[in-house]
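Structure provided below as structure tokens; questions to follow.
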Amino acid sequence: MQQLDPDLRALQEVRDFVERAKRAHEVVHNWSQAQIDKLCAAMADAGEAAAYDLARVAVDETGIGRAHYKVLKNLLGSRGIWDSIKNERSVGILSRDERTGVVEIATPVGVIAGIIPTTNPTSTALGKALIAVKGRNAIVISPHPRAKRCIGEAVEVLRRAIERAGGPPDLVLSLTNPTIESTGALMKHKHVAMILATGGSGLVNAAYSSGKPAYGVGPGNVPCYIDRSADVVNAARSIVTSQSFDNGTLCCSEQALVVDKPIEKALMAELKKRGAHVCSEEETAKLAKLCNVHGHMNADVVGLDPWRVAEMAGFTVARDTSVILAHQGGVGPKWPLSIEILCPVLSVHVVDGWQAGCDVSMELLHFGGLGHTAAVHARDEGVLEAWFLGKPASRIIVNGPSSMGAVGYSTWLMPSMSLGCGPQAGNITSDNITYRHLLNIKRAAFPRRDWPEIEAKGHATAARFTRESAPRGSGMAGDPALSAGMSLPSTSALSAGAASNWQGNAPVAQAQAPKSAPAAKTTVPMSFMGPASVGPVLAAPKVQAAAKSPAGAQTATLNSPAPVASTASTASLASGASGASGASGASGASGASGNVGRKVAHSAGSNVGAMLSPAEIRSIMAHAGAGCPLGPCKGCEHHQAATGACLA
């Protein structure tokens, strides 16, 4: 493979890695919960042990963020995530609801494609691998090219841990030469079952356009409203702490401060006490020119220390500056610093009252942060409720640091390095992504205890419109597919003593039956007939049982009904297969048609006298207007369409 062109080599690596991951997944597909949890625990332990080394490699390679805070992120991506899911079931039966009778069963998805950004490389790799393996899946990671080494190191730490725990190390793989083409090939590979993509909007759109199920995690432009009722000291501390957390590289970190006018001076004073620098108009203009390039965030400033950002912009601040603040008069293209900028630079918007603060916060969310995260500092319950109900943000962090709160580090939200933004942002979920999103959950369900009552009530409601109280196939009393509302007999309709389910025939002139073959009297009980029929009734087929033969077999002679003038070609359904137009007596003498009665021998226990099987005969009779020899009711002049009744 070393001989290949680099692009071709990258594509071949995708094919090879997906195949290896597929084989590894097949190994653990049927593993128990204990076996899987053993692997995950080993992975979490290894990630925790390597947290500092991975943090240092990440900062050295990418130049983004701060090693101390990357250690914290790595701990969250390994130990933090594992602690939140280690006692959760992900194998076999997840739950049994004794009240509803619903059973949930987990099955793995398969091979997952994981796309990792450069801003949070090692922590995201650790977290995605853990939740994938927890669900008995394999994951192939496509790292950002600027972070492929540190992500590869994180994956290698996990692979060695899996192998030591007795699992197949290829459950976790990372491409060594990622390109745009190879990432696209990975997402579209036939053996990749799902995509978990974290990155910019272009990458997320590519994931959703791949034709595969995908969890896309897009950008955020997080507004942080500080109300006049807020604890100003706590608000200032939370803002600075959040921006210092790896230099604001999480998409859920604050991007704009929306400050209620009565507490503006007090808040600015508290922020300055904690190392904030408030820009002059000239500095603001220089900062805007650096950070906003053609309407987009300048990637060169992502995760840099504040003093370095200021130096690049053309002014100086103290080396211990914690965050740079720049006032803006509005939101949108005319205000360059109102976009998402993943470094400790915050725009400041002063408003008068929470309604105005609400409006500005909404503008910021719609300007690149829709569905992601919002923050609010207030003690007024009315203001908080307005934020909860009205903001199109999937996470609303209250009176605390937004970056650590949204990922579940400082709150009880599910710890995750992948945050969904919901359908409003084009994402499939608004959740913090965890192992449950990477499971296929089947559900087994038993009938409700009150199902007969619900079914009867439903039919009664429908009958008010259709006038069918017991439609065909409903199984209810009066169902035309049943015999007088009862189940069909289990024995043949031609067995001795069996009764037809025929419920009457059209009034016809009775023909004179031949003397040698008098018409047999009907054997259909009146309970099957319903009300008295109008006119003569065609005799039902009658089977006369004979004595057992010496050999133990049974014999029977079939009597066909006498022919009728208006239905000369109509034969009994039960004897139609024989083609006889006459009848034979029990003695087998010739009838008017010259046909000779036939005696058919059957072994003991078989159905007597039929050339069709019992199942065939029942099928014919069930589909012929409740057994009517005239055929199906539809179109018959004796069928009342409104009620389904037979007037014959």
Side-chain angles (χ1 to χ4, degrees), residues 36-37 39-55 57-58 65 69-86 88 90 109 112-144 147 150-159 161-162 171-174 194-199 214-218 245-246 249-253 395 403-420 429 431-439:
I36 287 297
D37 286 348
L39 295 187
C40 291
M43 293 167 66
D45 290 343
E48 182 179 22
Y52 170 70
D53 291 333
L54 294 176
V57 173
Y69 288 99
K70 287 204 182 292
V71 171
L72 296 181
K73 281 184 178 179
N74 289 337
L75 293 175
L76 175 66
S78 54
R79 176 58 54 194
I81 288 179
W82 174 238
D83 284 346
S84 72
I85 65 176
K86 65 182 179 181
E88 301 291 327
S90 61
V109 168
I112 295 169
I115 316 301
I116 310 292
T118 187
T119 48
N120 311 293
T122 54
S123 54
T124 305
L126 294 170
K128 286 186 176 181
L130 256 178
I131 62 175
V133 175
K134 174 72 173 180
R136 292 179 293 173
N137 303 300
I139 185 169
V140 178
I141 289 172
S142 178
H144 191 286
C150 63
I151 293 173
E153 291 291 343
V155 167
E156 191 58 35
V157 166
L158 298 177
R159 286 170 53 82
I162 292 171
L171 286 173
V172 184
L173 290 161
S174 179
M194 183 179 285
I195 301 167
L196 183 52
T198 304
Y215 287 108
V217 180
F245 191 73
D246 205 26
T249 51
L250 286 170
C251 292
C252 53
S253 63
R395 283 151 294 275
S403 58
M404 291 98 93
V407 296
Y409 190 19
S410 65
T411 66
W412 284 107
L413 292 177
M414 178 62 71
S416 177
M417 300 304 296
S418 300
L419 312 181
T429 183
D431 295 340
N432 286 14
I433 306 299
T434 186
Y435 77 98
R436 283 188 71 92
H437 297 90
L438 309 183
L439 293 177

Fill in: Separation of Glu48 CD from Leu126 CG (nearest 0.5 Å)
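Result: 11.0 Å between the selected atoms.
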Practice prompt. Spell out, as yes or no, whether a donor-acceptor pair under 3.5 Å connects the side chain of Arg395 to the backbone of Gly420.
Written response: yes
Discussion item. A side-chain contact here means heavy atoms from C-beta on lying under 4.5 Å apart; do Cys251 and Leu419 qualify?
Written reply: no
Worksheet, complete the sentence: Heavy-atom nearest pair, Ala51 first then Asn74, reads O-ND2, 2.9 Å
Item to complete: Determine yes or no for a side-chain-to-main-chain donor-acceptor pair under 3.5 angstrom, with Lys128 supplying the side chain and Leu196 the backbone.
Response: yes
Worksheet item: Taking the side chain as C-beta and beyond, is there a heavy-atom pair between Leu54 and Glu153 under 4.5 Å?
Response: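 They are in side-chain contact.
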Worksheet item: Does a side chain donor of either Asn120 or Ser123 reach within less than 3.5 Å of an acceptor in the other side chain?
Response: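 Note: Asn120 and Ser123 side chains miss the donor-acceptor criterion.
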Worksheet item: So, Ser253 side chain and Ser403 main chain: donor-acceptor pair closer than 3.5 Å or not?
Response: no
Item to complete: Anything under 30° is parallel, anything over 60° is perpendicular, the rest tilted; go ahead and classify Phe245 against Tyr409.
Response: tilted
Worksheet item: If you look at every heavy atom in Ala161 and Ala46, which pair is closest and at what distance?
Response: CB-CB, 3.6 Å
Discussion item. Can you give me the closest heavy-atom contact between Ser78 and Leu130, atom names plus distance?
Written reply: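 Closest approach of Ser78 to Leu130, heavy atoms only: O-CD1, 3.4 Å.
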Fill in: Interatomic spacing from CD in Glu88 to CG in Leu439 - rounded to 0.5 Å
11.0 Å
Practice prompt. Indicate the atoms forming the closest heavy-atom contact of Val157 with Gly47, along with that distance.
Written response: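 For Val157 and Gly47, the tightest heavy-atom pair comes out as CG1-N, 4.3 Å.
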Worksheet item: Quick check: does any side chain N or O of Ser416 sit under 3.5 Å from a backbone N or O of Ile433, one acting as donor and the other as acceptor?
Response: yes
Worksheet entry | Check: Arg159 side chain, Val172 main-chain N or O, donor-acceptor pair, under 3.5 Å | yes
Worksheet item: Roughly how far apart are Met194 CE and Ile139 CD1, rounded to 0.5 Å?
Response: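 Between Met194 CE and Ile139 CD1, I get 11.5 Å after rounding to 0.5 Å.
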Worksheet item: Is any side-chain heavy atom of Arg79 less than 4.5 Å from a side-chain heavy atom of Asp45?
Response: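 A side-chain contact under 4.5 Å exists here.
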Worksheet entry | Distance-minimising heavy-atom pair for Val71 and Tyr52 |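 Result for this residue pair: CG2-CA, 3.7 Å.
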Worksheet item: Is the closest side-chain heavy-atom distance between Pro121 and Lys70 below 4.5 Å?
Response: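 The answer is yes, as the side chains (C-beta and beyond) meet within the 4.5 Å cut-off.
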Discussion item. Val407 and side chain to side chain contact (heavy atoms under 4.5 Å, CB included): which single residue from Ile81, Asn432, Leu250, Leu413 fits?
Written reply: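 Answer to the side chain to side chain contact (heavy atoms under 4.5 Å, CB included) test with Val407 among Ile81, Asn432, Leu250, Leu413: Leu250.
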Worksheet item: Taking all non-hydrogen atoms of both residues, which atom of Gly65 and which atom of Asp246 are closest, and how far apart?
Response: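 Scanning both residues, the minimum pair turns out to be CA-OD1, 3.0 Å.
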Worksheet item: At what distance, to the nearest 0.5 angstrom, does CD1 of Ile36 lie from NZ of Lys134?
Response: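 Spacing of CD1 (Ile36) from NZ (Lys134) equals 9.0 Å.
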Worksheet item: When rounded to the nearest 0.5 angstrom, what is the spacing between CG in Leu158 and SG in Cys40?
Response: 10.0 Å
Response to the item:
Rounding to 0.5 Å, atoms CD1 (Ile85) and CZ (Arg436) come to a distance of 12.0 Å
Worksheet item: Okay, side chain of Tyr215, backbone of His437: is any donor-acceptor separation there less than 3.5 Å?
Response: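 Yes; at least one donor-acceptor contact below 3.5 Å.
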Response to the item:
Checking Thr124, Val57, Ile116, Thr118 against Ile151 for side chain to side chain contact (heavy atoms under 4.5 Å, CB included), the one that qualifies is Ile116
Discussion item. Within the 4.5 Å heavy-atom criterion, are Met417 and Leu76 side-chain neighbours or not?
Written reply: yes
